[in-house]
Amino acid sequence: MRFQGKVALITGAGSGFGEVSARRFVQEGGRVIIAEMNAAAGERVASELGAAACFIRTDVTVDDQFEAAVRAATSTFGRLDVLVNNAGVSHDLKPFEQISSAEFDRVFAVNVRAIMRGSAFALPALKAAGGGAVINICSVGGIRIRPNLAAYNVSKAAAIAMTKALALEMAPYKIRVCGINPTLAETGLTATFVGSEFDDAKKRAFESGVPLGRMATANDVANAVLFLASDDAGMTTGSCIDVDGGRGL
Ligand SMILES: NC(=O)c1ccc[n+]([C@@H]2O[C@H](COP(=O)([O-])OP(=O)(O)OC[C@H]3O[C@@H](n4cnc5c(N)ncnc54)[C@H](O)[C@@H]3O)[C@@H](O)[C@H]2O)c1
């Protein structure tokens with residue numbers, strides 16, 4: 001029960017990595033704010049988790065909404081110990097010259113700007129708790145660039161750099177900031193990364209390029225989230241853990 005008495009705010013927790021991380025926080029004694037843009041998804045997860053969870057409809061690119069989600073942590077559960085910047089979006093697979101300015105700006109607003117703004121909104125509550133952790137879901141795509149995902153991959157490289165920048169500035173308050181670089185996993189975003197025709201043959205071809213021979217799972221990522229958010233990682237900050245089966249090597 002590593003999170004007894006602790007409160008986490010997880011963005012994009014209505015699906016995929018964020019949903020499984022929220023379930024795991026609650027299993028380990030914590031309480032969670034589900035800060036999710038998709039109301040049906042967020043409400044479903046919160047209602048399944050019961051009194052240990054609270055859904056706040058949040059688009060992380062809208063400052064007022066992100067601030068309100070942070071306020072909900074303190075007003076509902078009395079404190080905030082962990083912020084998981086998990087919400088992320090990509091663009092359709094396409095050559096860089098076909099990615100529009102609007103697509104580029106949306107990807108950066110969700111994947112990069114919201115990490116900085118959300119961390120700023122959470123800072124007073126994390127300080128008041130005597131310290132805490134910010135965990136950013138980045139990507140192996142931020143390290144190992146592949147074609148047709150230029151804006152997404154560069155946004156994740158920026159998220160990795162943001163993790164280090166915030167780690168330095170939040171360290172004086174005993175707030176650790178870490179990142180996670182997953183490889184491909186089956187979530188709501190998979191079709192965006194690989195195209196809709198991701199059949200068994202393509203899955204096997206992808207897995208043959210992963211030294212450990214398989215895709216990641218949401219549980220693999222949640223394991224890293226919980227480790228980095230816990231006191232077990234008390235001397236770790238500014239680090240991004242690859243949860244990629246060696247894909248980035
Ligand atoms: N699935 C993968 O293969 C993979 C690999 C590496 C990194 N990632 C990253 O993992 C994170 C989680 O994605 P996932 O794979 O679980 O996908 P997902 O689509 O299953 O979950 C993402 C959730 O974020 C929510 N969301 C999107 N924009 C939002 C916004 N502006 N405000 C609030 N919520 C918003 C969505 O509604 C969704 O519920 C993302 O940052 C993604 O880039 C995913």
Side-chain angles (χ1 to χ4, degrees), residues 9-24 33-46 55-70 72 83-91 93 103 105-115 117-118 121 135-146 149 151-160 162-163 179-195 198 202-203 206-207 209-210 214-222 224-225 240-245 247-248:
L9 187 161
I10 307 180
T11 68
S15 171
F17 300 160
E19 174 179 351
V20 176
S21 297
R23 292 183 185 284
R24 296 280 307 281
I33 298 291
I34 312 282
E36 165 64 57
M37 194 172 73
N38 177 330
E43 276 163 5
R44 174 184 59 80
V45 175
F55 165 65
I56 305 290
R57 191 191 172 281
T58 313
D59 178 341
V60 295
T61 67
V62 179
D63 285 359
D64 290 352
Q65 294 185 17
F66 211 151
E67 279 190 286
V70 170
L83 167 65
V84 184
N85 286 307
N86 164 76
V89 293
S90 189
H91 49 82
L93 287 171
E103 286 173 304
D105 288 349
R106 183 67 188 168
V107 167
F108 269 69
V110 179
N111 295 3
V112 186
R113 195 184 71 202
I115 292 180
R117 299 300 291 143
F121 300 141
I135 312 298
N136 302 324
I137 307 301
C138 308
S139 174
V140 70
I143 299 168
R144 187 176 191 262
I145 308 291
R146 309 306 299 156
L149 275 171
Y152 178 78
N153 283 346
V154 174
S155 78
K156 292 301 187 177
I160 293 167
M162 181 73 77
T163 300
I180 295 169
N181 297 329
T183 190
L184 186 65
E186 287 192 44
T187 69
L189 273 178
T190 318
T192 318
F193 295 136
V194 294
F198 190 60
K202 287 202 171 140
K203 183 177 170 189
F206 174 82
E207 289 180 331
V210 180
R214 66 171 176 85
M215 294 171 68
T217 66
N219 209 41
D220 292 326
V221 175
V225 170
C240 290
I241 294 186
D242 298 340
V243 179
D244 71 344
R247 172 82 171 161

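Count residues from 1 along the sequence. A quick note: this is a predicted structure, and the numbers were derived from the prediction, not measured. Numbering of ligands and ligand atoms starts at 1, following listing order.
On a distance-only criterion, V60 and ligand 1 share at least one N/O pair closer than 3.5 Å. For ligand 1, one of its N or O atoms has an N or O atom of Y152 under 3.5 Å away. Of the N or O atoms in G18, none lie within a sub-3.5 Å distance of an N or O in ligand 1. Distances between N or O atoms of N38 and those of ligand 1 include no value under 3.5 Å. Backbone and side-chain nitrogen or oxygen atoms of F193 are examined, and none is located within less than 3.5 angstrom of a nitrogen or oxygen of ligand 1. Considering backbone and side-chain N/O atoms, V89 never comes within less than 3.5 Å of an N/O atom of ligand 1. Ligand 1 has no N or O atom lying under 3.5 Å from any N or O atom of T61, backbone or side chain.
A 4.5 Å side-chain heavy-atom check between D220 and P182 finds every atom pair outside the cut-off. Considering only heavy atoms from C-beta on, F193 stays 4.5 Å or farther from T187 through its side chain. Counting heavy atoms from C-beta outward, R57 and E36 have side chains that stay 4.5 Å or more apart. At least one side-chain heavy atom of R113 sits under 4.5 Å from a side-chain heavy atom of T61. In this structure, the side chains of L149 and H91 come closer than 4.5 Å at one or more pairs of heavy atoms. Between L184 and T190 the shortest side-chain heavy-atom distance falls below 4.5 Å. Side-chain contact between V84 and F17 is absent, with no heavy atoms from C-beta onward closer than 4.5 Å. Counting heavy atoms from C-beta outward, I137 and V225 have side chains that approach closer than 4.5 Å.
Residues N181 and C138 come closest through the heavy atom pair OD1-CB, 3.2 Å. What you find for A46 and F55 is that their closest heavy atoms are CB-CB, 3.7 Å. Contact detail for N111 and A87: the closest heavy-atom pair is OD1-O, 4.3 Å. Here the closest heavy-atom approach between residue I34 and residue G14 is recorded as CG2-N, 4.3 Å. Smallest separation of non-hydrogen atoms from A69 and I33: O-CG2, 4.1 Å.
Using a 4.0 Å cut-off between heavy atoms, T183 contacts ligand 1 through its backbone alone, with no side-chain atom that close. Contacts between T58 and ligand 1 below 4.0 angstrom, taking non-hydrogen atoms only, involve the backbone exclusively. Residue contacts with ligand 1 for E186 are absent, since no atom lies close enough (heavy atoms, distance under 4.0 Å). Only side-chain heavy atoms of R106 come within less than 4.0 Å of ligand 1; its backbone N, CA, C and O stay farther off. Proximity of A218 to ligand 1, defined as any heavy-atom pair under 4.0 Å, is not found for any part of the residue.
Here the protein heavy atom with the shortest distance to atom 34 (N) of ligand 1 is M37 N, 3.4 Å. If you check which protein heavy atom lies closest to atom 39 (O) of ligand 1, you get E36 OE1, 2.7 Å. Shortest contact from atom 44 (C) of ligand 1 to any protein heavy atom: F17 CE1, 3.3 Å. Nearest protein neighbour of atom 14 (P) of ligand 1, counting heavy atoms only, is T187 OG1, 3.4 Å. When only non-hydrogen protein atoms are considered, atom 31 (N) of ligand 1 lies nearest to D59 OD1, 2.9 Å. The protein atom (non-hydrogen) at minimum distance from atom 40 (C) of ligand 1 is N86 O, 3.2 Å. At the shortest separation from atom 22 (C) of ligand 1 among protein heavy atoms lies G12 O, 4.2 Å. When hydrogens are left out, the protein atom nearest atom 26 (N) of ligand 1 is A87 CB, 4.0 Å; that is the closest non-hydrogen contact.
Counting the atoms of ligand 1 from 1 in the order shown, those under 4.0 Å from a heavy atom of G16 are 16 (O), 20 (O). Interface atoms of ligand 1 facing A185, defined by a heavy-atom separation under 4.0 Å, are 1 (N), 2 (C), 3 (O). Each of the following atoms of ligand 1 lies closer than 4.0 Å to a heavy atom of L184: 3 (O). When each atom of ligand 1 is checked for a heavy atom of I137 under 4.0 Å away, the hits are 9 (C), 10 (O), 11 (C), 41 (O).
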- Task: Evaluate the side-chain hydrogen bond (donor to acceptor under 3.5 Å, both in side chains) criterion for residues R144 and T183: first the C-alpha distance (whole Å), next the side-chain angles of each, then the deciding distance (0.1 Å), finally the verdict.
- Result: CA-CA 10 Å; R144 187 176 191 262; T183 190; over 6 Å; no

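Taking 4.0 Å as the cut-off, K156 counts as a neighbour of ligand 1 on heavy-atom distance.
Counting only non-hydrogen atoms, the option in G88, C138, A41 that gets closest to atom 7 (C) of ligand 1 is C138.
A perpendicular orientation is assigned to the rings of F206 and F198, their planes being inclined by more than 60° (bins at 30° and 60°).
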